[in-house]
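From a predicted model like this one, the values you see are computed outputs, not experimental measurements.
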Amino acid sequence: MNTDVQGRSFAPRGKTPGTLAVGGTREKLSKIATVTNQGKARWMIIDGVFNHERLIEFFEVLVKEVQRKVFLTLDNLPVHHCKPVKAWLAKHGEQIEVFHLPSYSPELNPEERLNADLKHVVRTAAPVRTKAKLRSAAEAHMTMICEEPERVKCYFRDPHVTQESRI
């Protein structure tokens, strides 16, 4: 997610159009989330670098909230495979088990539908030009998603995600 404003600009013929951005650069936030086929979503917005510490923090909250063994499917982001994450997962094997999707297969990941849903809403709403407004818009939409289990269940109905398409 970022505050990059897409659209048209104007410049005289032969001149490159330019736009001003807040602070001269785009403002960015990261998000980590899980979705279940029962319609539940859990998420965390991260201001700053998404690294193994933030991932482990998310795992800890997830395990605490669910209060039963978590079976989690992850993509192949390098941070998902780093030594501290592997060590934490080995230590907490009774609480959480992780499975990895094949490399280069985001179409199999229902959480990617949630990402697309969020990005669509943020991009089509009034432009958010500050990090605080971006965070507020993202949190509002993610909260709404958590209150609409049928919307989350739809992420699993994509033909690429359903079991029937892999048989």
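Annotation: side chain of Thr73 is not in contact with side chain of Asn109 (no heavy-atom distance under 4.5 Å). Within the 4.5 Å cutoff, side-chain heavy atoms of Leu72 are placed close to those of Phe59. Between Asp75 and Glu112 there is a side-chain heavy-atom pair separated by less than 4.5 Å. Taking the side chain as every heavy atom from C-beta outward, Glu60 and His92 never approach each other to under 4.5 Å. Using a 4.5 Å heavy-atom cutoff, the side chains of Glu111 and Lys31 are in contact. Side-chain contact between Val49 and Arg54: absent, with no pair of heavy atoms (C-beta onward) separated by less than 4.5 Å. Side-chain atoms of Tyr155 and Thr36, non-hydrogen and from C-beta on, never get closer than 4.5 Å to each other. Counting only heavy atoms from C-beta outward, the side chains of Asp117 and Arg113 never approach each other to under 4.5 Å.
Scanning both residues, Phe156 and Pro110, for their nearest heavy atoms gives CE2-CG, 3.4 Å. Taking every heavy atom of both residues into account, His52 and Pro84 meet most closely at CD2-CB, 3.4 Å. Contact between Lys28 and Asp47 at its shortest, heavy atoms only, is O-OD1, 4.4 Å. The minimum heavy-atom distance linking Ala33 with Met142 is given by the pair CB-CE, 4.5 Å. When all heavy atoms of Ala41 and Val35 are compared, the closest pair comes out as CB-CG1, 4.2 Å. Between Ser30 and Gly48, the shortest heavy-atom contact is OG-O, 4.1 Å.
For Lys40, the NZ atom is loosely surrounded, since the number of other residues' heavy atoms within 6.0 Å does not exceed 12. Atom NZ of Lys133 has 12 or fewer heavy atoms from other residues, nucleotides or ligands within 6.0 Å. The 12-atom threshold is exceeded at CZ of Phe99, counting heavy atoms of other residues, nucleotides or ligands nearer than 6.0 Å. The 12-atom threshold is exceeded at CD of Glu65, counting heavy atoms of other residues, nucleotides or ligands nearer than 6.0 Å.
Note: His80 and Phe50 have perpendicular aromatic rings, judged against thresholds of 30 and 60 degrees for the angle between ring planes.
Taking CG of Leu118 as the reference point, atom CZ of Arg123 lies at 10.0 Å (rounded to 0.5 Å). How far CG of Leu77 is from NE2 of His100: 10.5 Å, rounded to the nearest 0.5 Å. Here the straight-line distance linking atom CD1 of Ile32 with atom CG of Asn115 works out to 10.5 Å at 0.5 Å rounding. Leu74 CG to Thr34 OG1: the interatomic distance, rounded to the nearest 0.5 Å, is 10.0 Å.
Cluster annotation: Trp88 is connected to Ile46 through the hydrophobic network of ILVMFWY side chains, with a link wherever side-chain heavy atoms come within less than 4.5 Å. Linking Ile, Leu, Val, Met, Phe, Trp and Tyr residues whenever their side-chain heavy atoms come within less than 4.5 Å leaves Leu114 and Val121 in two separate clusters. Both Val79 and Val98 are part of a single hydrophobic cluster, where members link through side-chain heavy atoms under 4.5 Å apart. Grouping the Ile, Leu, Val, Met, Phe, Trp and Tyr side chains by contacts below 4.5 angstrom, directly or via other members, places Val128 with Ile45. Hydrophobic clustering (side-chain heavy atoms under 4.5 Å, transitive across Ile, Leu, Val, Met, Phe, Trp, Tyr) keeps Met44 apart from Val61.
Counting only distance, with no hydrogens or angles, the side chain of Lys153 and the backbone of Glu148 share no donor-acceptor pair below 3.5 Å. Counting only distance, with no hydrogens or angles, the side chain of Ser136 and the backbone of Ala132 share no donor-acceptor pair below 3.5 Å.
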side-chain contact (heavy atoms from CB on, under 4.5 Å) evaluation trace for Asn76 with His81:
CA-CA 7 Å; Asn76 284 287; His81 295 281; 2.8 Å; yes
Before giving the answer on side-chain contact (heavy atoms from CB on, under 4.5 Å), spell out for His141 and Val122 the whole-Å C-alpha distance, their side-chain angles and the decisive distance to 0.1 Å.
CA-CA 8 Å; His141 188 68; Val122 170; 5.7 Å; no
Any chance you could lay out the salt bridge (Lys or Arg N to Asp or Glu O under 4.0 Å) test for Glu150 and Arg157, step after step, and finish with the verdict?
CA-CA 11 Å; Glu150 286 304 314; Arg157 295 188 192 122; 3.6 Å; yes
